[in-house]
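The structure under discussion appears below in the form of structure tokens.
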Amino acid sequence: MKDFVSSYLLGDLARTLLADLNDPAWSPRFSCRPLSGRTADRDTAVGRFRGDIGLPNLAEFKEALDELVVDNLVKVILDFKDATLSRSAMGALVAFAATMHGRNKRLYLYRPSQQIRARLKELQLTSFFSYLETEDDIIATLVV
């Protein structure tokens with residue numbers, strides 16, 4: 001029964017992450033919707049980002065990243081499929097990733113936009129991050 005409940009919660013978290021973002025509550029500017037889920041003694045936080053993230057909202061972006069990290073957290077999934085990052089925001093993301101790595105926590109980028117992929121490639125940072133592309137990837141990550 002415990003496996004079924006854990007599996008159900010994982011599926012629910014994955015479905016929430018994959019939900020359509022055409023919700024009127026989403027603002028056209030930068031926004032983050034933090035989600036969290038507990039999976040078999042491991043905490044996972046999900047940050048959903050949308051819009052242009054750059055110098056005008058860099059402090060808000062850094063604050064949103066910091067809010068995703070708590071002491072008992074094991075993994076963070078960042079959903080960037082509807083976002084673009086300026087060079088300054090990319091620097092903040094790399095600093096966040098380094099902090100996560102230093103704390104022995106896992107960081108994943110979920111379906112980053114083409115602009116983010118291009119910027120990571122331009123900066124030769126593609127191998128610095130782990131990527132999730134499908135619902136199965138998300139569920140597998142939540143279970144491990």
Point-to-point distance, once rounded to the nearest 0.5 Å, from CG of Leu68 to CG of Leu78: 6.5 Å
Worked verdict on Tyr108 versus Ile138 for side chain to side chain contact (heavy atoms under 4.5 Å, CB included): CA-CA 9 Å; Tyr108 301 92; Ile138 294 169; over 6 Å; no
Spacing of Met100 atom CE and Leu93 atom CG [to the nearest 0.5 Å]: 11.0 Å
Phe80: ring-ring contact (aromatic ring centres under 6.0 Å, His included) partners, not counting sequence neighbours: Phe49
Donor-acceptor under 3.5 Å (Ser113 side chain, Ala83 main chain): yes
Spacing of CG belonging to Asn57 relative to NZ belonging to Lys62, to within rounding of 0.5 Å: 11.5 Å
Separation of Arg48 CZ from Lys81 NZ (nearest 0.5 Å): 5.0 Å
Student check: side-chain heavy atoms of Glu60 and Ile53 closer than 4.5 Å: no
Side chain to side chain contact (heavy atoms under 4.5 Å, CB included) between Leu120 and Met90, intermediate numbers included: CA-CA 8 Å; Leu120 288 171; Met90 187 63 68; 3.5 Å; yes
Residues which pass side chain to side chain donor-acceptor pair (under 3.5 Å) with Glu133, listed by chain and number, not counting sequence neighbours: Arg117
Please tabulate, one pair per line, all N/O donor-acceptor pairs under 3.5 Å involving side-chain atoms of residues 121-130, not counting sequence neighbours.
unit_1: Glu122; atom_1: OE2; unit_2: Arg87; atom_2: NH1; d: 3.3
unit_1: Glu122; atom_1: OE2; unit_2: Arg87; atom_2: NH2; d: 2.2

side-chain contact (heavy atoms from CB on, under 4.5 Å) against Thr99, all qualifying residues, sequence neighbours excluded: Arg103
Residues that Leu55 engages under side-chain contact (heavy atoms from CB on, under 4.5 Å), provided they are two or more places apart: Leu58, Ser88
Interatomic distance, Tyr110 atom OH to Leu132 atom CG [nearest 0.5 angstrom]: 8.5 Å
Point-to-point distance, once rounded to the nearest 0.5 Å, from CG of Asp52 to CG of Asp82: 11.5 Å
Check against side chain to side chain contact (heavy atoms under 4.5 Å, CB included), Thr44 and Ile77: CA-CA 8 Å; Thr44 300; Ile77 299 172; 4.1 Å; yes
Non-neighbouring partners of Glu63 that pass salt bridge (charged side-chain N to carboxylate O under 4.0 Å, His left out), sequence neighbours left out: none
Heavy-atom pair of closest approach, residues Ala89 and Phe61: O-CE2, 3.5 Å
Expected output: side-chain Arg119 to main-chain Leu85 donor-acceptor under 3.5 Å: yes
